[in-house]
Enquirer: 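Have a look at the structure that comes next, please.
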Amino acid sequence: MTGTEPVDTDVADDDALYVLTAVLLTPAQFPSLLGDDYPEACAALGLEPYAEGYGLVLGQDGQGARWTVVVDDVSLVAVAIASWDCGMEYDLSPDERSVVVALPGWPVALAVAAPHVPAPHDPETGPGEPPPLTPPDPAEWGPAQRRLGADAVALQWAAWRDQLGDDAFAGTAGTGDAGSAGVAGEGEESRASEKPGPADEGAPGEGASTQEPPQPPSRRTPDEEQTPDDQRAPGGQQADGEQRTPGEQQADGPRATGADGDAQGPLQRVLAELHGYLEEPPPPGRVRSGFAPGGARTLRADGPGWSVVARTDDIAFVLLDELPREVLPIGRGPQLPSLLAALDAMAVRPA
């Protein structure tokens, strides 16, 4: 959808919705800021966690108000997203019979706006109606920001990985099944705070900060900034006040570090809980598997207070609620490969 052709919905009387973007809400793909797993993400929107999933269509009405239209035609939304990702136009016009509910606001931040309508704003809601959906505050740190940070690491894997030397995990293998993967320890040399070379994978643009170590660089310009899921319809205009500068993103984003002694305990706990997932399967979407180069897979796993990003042929990174914006590496070790392989076998995958 180009943002210039309205779609008839019931979002505001007989007003039309100008579609800006869409995201999937399925067990294998959902905005991670909504929850650690698919049922939790659905609950955040007041939806039942049906196995087939939903599509979330984000746009503005004729008055510029933000609306999120939930549809059950997942295939239609998936085709639209794939077309936009390829730079093609696609007229996303869900049949009104597929509309499940129209929710005020947007659950994710957008840097685009529909032309010829007022600037994006939340619609007024009456008594007993749900408040408008709002994205998490990037200036804070909590479960939503932690999961978004893990998504960013997954998108920029090569840049984050290049910050670590081969000696970053030397001599740090723990004991026991849960602790046998190498964890970067205190006093060990790591290049995690050095600025790496250009990443070979696209990711949201970030800039340097004088207060924190440099972030992995991006080849995107600010004008190419997109939604957290990197999916938006072509043709949208930049919205005043919606675009954050690279410097602001740097200050809000996670930074890599070696795991000091205080982090050893939490990292062991994360590994133990990952092993627990193999014994008692977690809710759908708690462990997800995606494409990675060279025949490997990218794993995203979440749990109470932690998020993990890993490559099945490499190492893992952990983000914790208790350590804001810290990205902690876990070395390959003797046990991590089998753990990642087992998690990949049980993970849900995009269709």
Side-chain angles (χ1 to χ4, degrees), residues 26-44 49 51 53 141-151 153-154 157 169 172-185 254 258-290 292 296-324 326-350:
T26 67
Q29 292 178 278
F30 58 88
S32 63
L33 59 86
L34 294 176
D36 282 336
D37 49 57
Y38 175 64
E40 188 175 323
C42 288
W141 183 260
Q145 292 85 353
R146 176 247 303 163
R147 291 187 292 263
L148 286 175
D151 291 344
V153 172
W157 178 270
F169 313 101
T172 57
T175 58
D177 291 341
S180 55
V183 178
D260 59 21
D262 293 338
Q264 292 281 350
L267 289 177
Q268 302 290 353
R269 173 176 58 84
V270 170
L271 289 170
E273 293 186 18
L274 286 172
H275 278 279
Y277 285 174
L278 304 179
E279 300 173 1
E280 184 175 349
R286 187 69 67 93
V287 181
R288 306 182 296 284
S289 176
R297 302 292 296 181
T298 296
L299 292 180
R300 274 285 287 108
D302 295 292
W306 56 265
S307 293
V308 168
V309 186
R311 286 277 178 90
T312 54
D313 62 347
D314 202 0
I315 66 171
F317 290 102
V318 177
L319 288 82
L320 301 168
D321 284 351
E322 61 205 84
L323 294 176
E326 300 290 337
V327 179
L328 309 173
I330 296 181
R332 190 98 173 129
Q335 296 289 333
L336 188 65
S338 59
L339 172 60
L340 296 181
L343 290 171
D344 181 58
M346 63 163 291
V348 291
R349 306 186 179 204

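The figures that follow rest on heavy atoms only: side chains count, while hydrogens, waters and symmetry mates do not.
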Enquirer: Considering all heavy atoms of both residues, which atom of P284 and which atom of D37 are nearest to each other, and what is their separation?
Expert: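 Distance-wise, the nearest heavy atoms are O-CB, 3.3 Å.
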Enquirer: Just wondering, do E40 and L34 contact through their side chains at under 4.5 Å, heavy atoms?
Expert: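 Not touching, per the 4.5 Å side-chain cut-off.
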Enquirer: Might you point out which heavy atoms bring A316 and A310 nearest each other, and give the distance in Å?
Expert: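 Closest approach of A316 to A310, heavy atoms only: CB-CB, 3.7 Å.
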Enquirer: What pairs with P282 under side-chain contact (heavy atoms from CB on, under 4.5 Å), at least two apart in sequence or on another chain?
Expert: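 Testing P282 for side-chain contact (heavy atoms from CB on, under 4.5 Å), a comparison that skips the adjacent residues, returns Y277, R286, V287, M346.
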Enquirer: Rounded to the nearest 0.5 Å, what separation is found between the OG atom of S307 and the CG atom of D151?
Expert: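 It comes to 8.0 Å.
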Enquirer: Less than 4.5 Å apart, side chain to side chain, heavy atoms only: is that true for P266 and E322?
Expert: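 In short, these two side chains touch, coming nearer than 4.5 Å.
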Enquirer: Taking atom CG of L319 and atom CD of Q145, what is their separation to the nearest 0.5 Å?
Expert: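 Between L319 CG and Q145 CD, I get 11.5 Å after rounding to 0.5 Å.
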Enquirer: Quick one: sort the W157 and F317 rings into parallel, tilted or perpendicular, breaks at 30° and 60°.
Expert: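 Rings of W157 and F317: perpendicular, over 60°.
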Enquirer: Can you give me the closest heavy-atom contact between P350 and A28, atom names plus distance?
Expert: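 Looks like N-CB, 3.6 Å.
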Enquirer: Do you know the tightest heavy-atom contact between G53 and Y38?
Expert: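 Minimum heavy-atom contact is CA-OH, 3.2 Å.
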Enquirer: Apply salt bridge (Lys or Arg N to Asp or Glu O under 4.0 Å) to D302 and list each qualifying residue two or more places apart in sequence or on a separate chain.
Expert: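 Expected list: R146, R288, R300.
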Enquirer: Taking atom types as modelled, find out whether W306 and E273 have a side-chain donor-acceptor pair closer than 3.5 angstrom.
Expert: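 A pair is found: one side chain offers a donor N or O, the other an acceptor, under 3.5 Å apart.
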Enquirer: Give, for atom CD1 of I330 and atom CG of L339, the distance between the pair rounded to the nearest 0.5 Å.
Expert: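 I330 CD1 to L339 CG: 9.0 Å, rounded to 0.5 Å.
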Enquirer: Between A301 and L274, which heavy-atom pair has the shortest distance, and what is it?
Expert: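 Where A301 meets L274 most closely, the heavy atoms are CB-CD2, 3.9 Å.
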Enquirer: Set out, in order, the CA-CA distance, both residues' side-chain angles and the distance that settles side chain to side chain contact (heavy atoms under 4.5 Å, CB included) for L320 and E326, then state yes or no.
Expert: CA-CA 7 Å; L320 301 168; E326 300 290 337; over 6 Å; no
Enquirer: Nearest 0.5 Å please: distance from the CG atom of L336 over to the CG atom of L271.
Expert: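 The CG atom of L336 sits 7.0 Å away from the CG atom of L271.
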Enquirer: What closest approach, in Å, do F30 and G35 show between heavy atoms, and which atom pair accounts for it?
Expert: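 Closest approach of F30 to G35: CE1-O, 3.6 Å.
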Enquirer: Which residues satisfy the side-chain contact (heavy atoms from CB on, under 4.5 Å) test with A296, sequence neighbours excluded?
Expert: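 Counting only residues at least two positions away or on another chain, A296 forms a side-chain contact (heavy atoms from CB on, under 4.5 Å) with A292, T312, D313.
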Enquirer: Judged by modelled atom types alone, do T298 and R311 share a side-chain donor-acceptor pair under 3.5 Å?
Expert: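 Yes - a donor-acceptor pair under 3.5 Å links their side chains.
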Enquirer: When rounded to the nearest 0.5 angstrom, what is the spacing between OG in S289 and CG in L299?
Expert: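 Those atoms lie 5.0 Å apart.
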Enquirer: For residues R349 and D344, determine if any side-chain heavy atom of one lies less than 4.5 Å from a side-chain heavy atom of the other.
Expert: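 Contact flag for R349/D344 side chains = yes.
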